[in-house]
Amino acid sequence: MNIRVRYAPSPTGNQHIGGVRTALINYLFAKSMGGTFILRLEDTDRTRYSDGYVKNLYDTFHWLGFYWDEGPDIGGPVAPYVQSERLPLYRQYAEQLIAMDKAYYCFCDEERLGQLRKAQDEQKSGEQGYDRHCRNLSRDEVTRNLGEGKPYVIRLKIPLEGTTTFADLLLGDVEWKNADISPDPVLLKSDGFPTYHLANVVDDHLMNITHVMRAQEWIPSAPLHRIMYDAFGWEQPLLCHLPMVLGQDGHKLSKRHGATAVNEFRKAGYLPEALINYIAQLGCSFEDGRDLFTIDEMIELFKVEKLNKAPAVFDYQKLEWFNGQYIRQKSDAELAQLVKPFLVDAGIREGEDSAADALDLQAMPLVKERLKVLSDAAAMMAYLYRKPAMPAAAEFIPKKRDQQTALQMLRECLAVAMEDLDFSNLETMEEAFKRHAEQIGAKLGDLLMPLRVAITGARVSPPLFESMRILGQQETIERIKDSIAYLS
RNA sequence: GUCCCCAUCGUCUAGCGGUCAGGACAGCGGGUUUUCAUCCCGCCAACAGGGGUCCGAUUCCCCUUGGGGAUACCA
């Protein structure tokens with residue numbers, strides 16, 4: 001069997017962790033089985049739709065680096081892949097259901113529905129959902145209403161009794177009492193657009209989708225879809241409900257937990273490899289004893305049986321760790337390229353500047369193992385581009401010493417820096433300072449802390465001697481002199 | 001409220017009847033070191049509870065509890 005799976009997002013928001021996780025699992029499953037991964041745009045909600053979200057979708061996946069085999073932008077054998085371009089289809093199938101007495105016209109307006117809901121809320125234990133008011137309208141009444149041009153929706157007739165069962169790859173068979181299924185959900189809205197329920201069933205069938213992998217929040221609509229497949233006489237794709245992704249508080253991951261949109265992580269300086277690697281392991285495991293996987297390795301190792309049923313909490317700290325791992329795997333040249341836009345954004349350098357490119361390349365070894373996210377580079381590297389602002393005098397003072405000592409140490413450092421030192425040679429530079437510390441009977445740390453602050457503007461910084469090598473002798477001397485003047 | 005799904009360290013997870021319950025992140029302690037970080041070593045830390053089944057349950061079944069999800073002309 002040729003496996004065909006789809007990711008079917010609705011362009012009503014930016015791509016977020018949960019959606020991308022679903023897409024990734026679908027992708028891994030398809031590729032591990034030699035199957036096809038399809039993108040379908042479910043743009044049937046016209047009130048929340050925006051072009052910007054479609055653009056965000058494409059941007060996000062280009063950036064992430066895994067892509068669909070068929071989709072709106074690249075076409076495919078069952079095009080179109082955008083639901084708004086398939087409109088006549090849905091009406092046709094909705095009407096077919098009516099003809100089969102599996103669906104019906106409903107003329108209830110929002111006002112009546114609103115009152116109904118309100119009444120239900122008040123009498124807490126009572127019925128929930130639509131009261132099936134129009135389910136048994138006479139044929140005449142329907143014809144009259146239609147003739148008058150009354151707005152209507154088409155609703156699915158859920159059987160009042162009996163049960164419906166669907167098969168889930170992960171959960172096994174799940175049985176529902178029909179009485180517990182959402183009472184007669186809308187299939188075709190009054191604006192002529194289908195709801196998710198109708199469109200997803202029609203398209204999954206027409207697009208020959210074999211497996212539907214989606215989050216567990218969709219479980220309650222599975223039996224309802226099953227009823228439609230049965231009505232049409234179609235085979236239902238095999239379902240696989242994925243565990244949900246939760247925030248630290250145990251609720252569905254959302255904005256209030258922090259960044260959730262992929263572009264936010266991108267802007268914060270996360271690497272796609274890290275995001276993909278981390279996200280894939282939410283509710284899924286690959287192999288014991290290893291944490292880092294390329295996407296190809298994940299394809300190789302992916303097994304449905306290794307999916308988890310329980311929801312997973314999204315851990316920002318662990319993602320950060322993955323990011324650090326991938327940053328450290330980069331070559332200096334690669335990392336310099338990655339960091340560049342963040343430096344430009346921070347106003348530290350221009351985009352077109354070969355001298356700056358060279359400086360960045362030199363600086364990468366100093367920051368590589370210190371970066372958690374790429375955006376950290378801006379604050380970390382600023383002192384290499386320009387003299388840092390003078391920190392408070394106290395910053396210069398080594399532990400358990402005073403300002404006089406700091407000043408003295410700086411003078412000693414200045415003397416060393418002004419010697420005939422080879423600033424391109426780390427070892428001799430380091431040796432010179434060590435020797436000098438011994439000569440004057442000072443602790444190396446006491447000698448170097450004021451120097452570090454003079455050079456980098458902070459007590460915590462990238463390596464000192466490497467920094468001085470990049471800055472050069474003249475700049476080093478200037479910064480020491482400035483600090484001496486400042487402290488005097 | 002009702003229905004459905006779920007349940008191993010704080011978090012992500014390994015485990016598919018017999019294990020000192022393993023790994024990773026975080027935390028803590030130590031080492032390397034001119035700061036920070038990286039790296040290395042160590043420590044802390046879990047089978048929700050109660051019944052069964054079985055010679056033997058983390059593992060299989062049931063109940064309780066807990067958590068989550070769904071109850072829209074949103075997906």
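Residue numbers begin at 1 in each chain, while the letters A, B, ... track the order of the sequences.
No salt bridge links A/D376 with A/R370; every basic N to acidic carboxylate O contact stays at or beyond 4.0 Å. The existence of a salt bridge linking A/K177 and A/E161 is excluded, since no basic side-chain nitrogen approaches an acidic carboxylate oxygen closer than 4.0 Å. Between A/R6 and A/D204 there is a salt bridge, since at least one side-chain N of the basic residue sits less than 4.0 Å from a carboxylate O of the acidic one.
Distance noted for atom C1' between B/U34 and B/C25: 30 Å (whole Å). Using atom C1' as the reference point in both B/G29 and B/A45, the two lie 15 Å apart (nearest Å). Comparing the P positions of B/U64 and B/U2 gives an interatomic distance of 13 Å, to the nearest angstrom. The same atom, C1', is picked in B/C20 and in B/C4; the two are 40 Å apart, to the nearest Å. The gap from the C1' atom of B/U71 to that of B/G15 amounts to 36 Å, rounded to the nearest Å. Separating the P atom of B/U58 from that of B/C47 is a span of 10 Å, rounded to the nearest Å.
Which of B/U34, B/G68, B/A75 sits closest to the side chain of A/L448 comes down to B/U34. Residue A/P220 places its side chain closer to B/A70 than to any other of B/C36, B/C73, B/A70. Of all nucleotides listed (B/U71, B/C3, B/A26), B/A26 comes nearest to the side chain of A/W321. Of all nucleotides listed (B/G69, B/C73, B/A75), B/C73 comes nearest to the side chain of A/L113. Checking B/G69, B/C74, B/A72 against the side-chain heavy atoms of A/M244 singles out B/G69 as nearest. Among the nucleotides B/C36, B/A37, B/C39, the one closest to any side-chain atom of A/E369 is B/A37. Of the candidate nucleotides B/G15, B/G69, B/C4, B/G69 has the atom nearest to the side chain of A/K252. Among the nucleotides B/C39, B/A14, B/C4, the one closest to any side-chain atom of A/V174 is B/C4. Side-chain proximity of A/R48 to B/C73, B/C74, B/A14: nearest is B/C74.
Mapping A/P151 and A/L319 onto RNA chain B via the closest heavy atom, the residue that lands nearer the 5' end is A/L319.
Nucleic acid contact class of A/T44 (heavy atoms, under 4.0 Å, all strands): sugar-phosphate only. Residue contacts for A/Y130: at a heavy-atom cut-off of 4.0 Å it reaches no nucleic acid atom on any strand shown. Residue A/S461 is in base contact, counting any heavy-atom pair closer than 4.0 Å across all strands shown. Residue-level contact check: A/R290 touches neither bases nor backbone, having no heavy atom under 4.0 Å from any strand. Using a 4.0 Å heavy-atom criterion, one finds that A/G445 contacts no nucleic acid atom at all. Nucleic acid contact class of A/P185 (heavy atoms, under 4.0 Å, all strands): none. Across all strands shown, A/P365 has no heavy atoms under 4.0 Å from either base or sugar-phosphate atoms. Residue A/E466 is out of contact with every strand shown, counting any heavy-atom pair closer than 4.0 Å. Within the 4.0 angstrom heavy-atom criterion, no nucleotide atom of any strand lies near A/L188. Backbone-only engagement by A/K306 is indicated by non-hydrogen atom pairs under 4.0 Å involving sugar-phosphate atoms exclusively. When heavy atoms are screened at a 4.0 angstrom cut-off, A/C106 is found touching no nucleic acid atom at all.
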- Task: Step by step, work out the salt bridge (Lys or Arg N to Asp or Glu O under 4.0 Å) result for A/E297 and A/R290.
- Result: CA-CA 11 Å; A/E297 288 169 332; A/R290 197 144 61 99; 3.5 Å; yes

- Worked check of ring-ring contact (aromatic ring centres under 6.0 Å, His included) between A/Y196 and A/H225: CA-CA 10 Å; A/Y196 166 78; A/H225 297 166; 5.6 Å; yes

- Task: Assess whether salt bridge (Lys or Arg N to Asp or Glu O under 4.0 Å) is satisfied between A/R135 and A/D184, documenting all intermediate values.
- Result: CA-CA 9 Å; A/R135 182 164 166 135; A/D184 300 359; 3.1 Å; yes

- Message: Could you walk me through whether A/W68 and A/Y81 satisfy the ring-ring contact (aromatic ring centres under 6.0 Å, His included) test, starting with their C-alpha distance in whole Å, then the side-chain angles of each, then the deciding distance to 0.1 Å, before giving a yes or no?
- Response: CA-CA 12 Å; A/W68 36 89; A/Y81 292 88; over 10 Å; no

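The shortest distance between the side-chain N/O atoms of A/R328 and the OP1/OP2 oxygens of B/A37 is not below 4.0 Å. Within the structure, a side-chain polar atom (N or O) of A/H251 is placed less than 4.0 Å from OP1 or OP2 of B/G68. Considering only side-chain N and O atoms, A/S285 lies under 4.0 angstrom from the phosphate OP1 or OP2 of B/A14. The side chain of A/K189 contributes an N or O atom lying less than 4.0 Å from OP1 or OP2 of B/A75. Contact check, A/R459 against B/C36: no side-chain N or O comes under 4.0 Å of OP1 or OP2.
The partner of B/C3, taking Watson-Crick or G-U wobble pairs whose two distances both stay under 3.5 Å, is B/G69. For B/G42, the paired nucleotide is B/C28, the pair qualifying as Watson-Crick or G-U wobble because both relevant distances are below 3.5 Å. Across all strands shown, nothing is found opposite B/U58 as a Watson-Crick or G-U wobble partner with both distances under 3.5 Å. As the counterpart of B/C16, no nucleotide is assigned, since no Watson-Crick or G-U wobble pattern has both distances under 3.5 Å.
Between the side chain of A/R370 and the base of B/U38, no donor-acceptor pair of N or O atoms lies under 3.5 Å. The base of B/C73 lies close enough to the side chain of A/S190 for a donor and an acceptor atom to sit less than 3.5 Å apart.
If you take CZ of A/R6 and P of B/A75, they are 13 Å apart, rounded to a whole angstrom. Here B/U2 presents its C1' atom at 10 Å from CH2 of A/W176, a figure rounded to the nearest Å. For the pair A/K443 NZ and B/U33 C1', the interatomic distance rounds to 14 Å; values are reported in whole Å. Spacing between atom CZ of A/R214 and atom C1' of B/G69 amounts to 13 Å, rounded to whole angstrom units. Regarding A/R469, its CZ atom lies at a distance of 16 Å from the C1' atom of B/U34, rounded to whole Å. The CD atom of A/E320 sits 13 Å away from the P atom of B/A37 (whole-angstrom rounding). Here the C1' atom of nucleotide B/U71 and the CG atom of A/D121 are 11 Å apart, to the nearest Å. Between A/E110 atom CD and B/C74 atom C1' there is a gap of 13 Å when expressed in whole angstrom units.
Checking side-chain atoms of A/N56 against main-chain N and O of A/N14 turns up no donor-acceptor pair under 3.5 Å.
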Please write out each protein N/O paired with an N/O of nucleotides 6-12 of chain B under 3.5 Å, distance rounded to 0.1 Å.
unit_1: B/C12; atom_1: OP1; unit_2: A/V313; atom_2: N; d: 2.8
unit_1: B/C12; atom_1: O2'; unit_2: A/Q281; atom_2: O; d: 3.0
unit_1: B/C12; atom_1: O2; unit_2: A/K318; atom_2: NZ; d: 3.3

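With respect to A/K434, the salt bridge (charged side-chain N to carboxylate O under 4.0 Å, His left out) criterion is satisfied by exactly one of A/E431, A/E438, A/E430: A/E430.
A cation-pi arrangement is absent between A/R226 and A/Y229 under the rule of less than 6.0 angstrom and at most 45 degrees off the ring axis. A cation-pi contact, defined as under 6.0 Å to the ring centre and within 45° of the axis, is absent between A/R155 and A/Y105.
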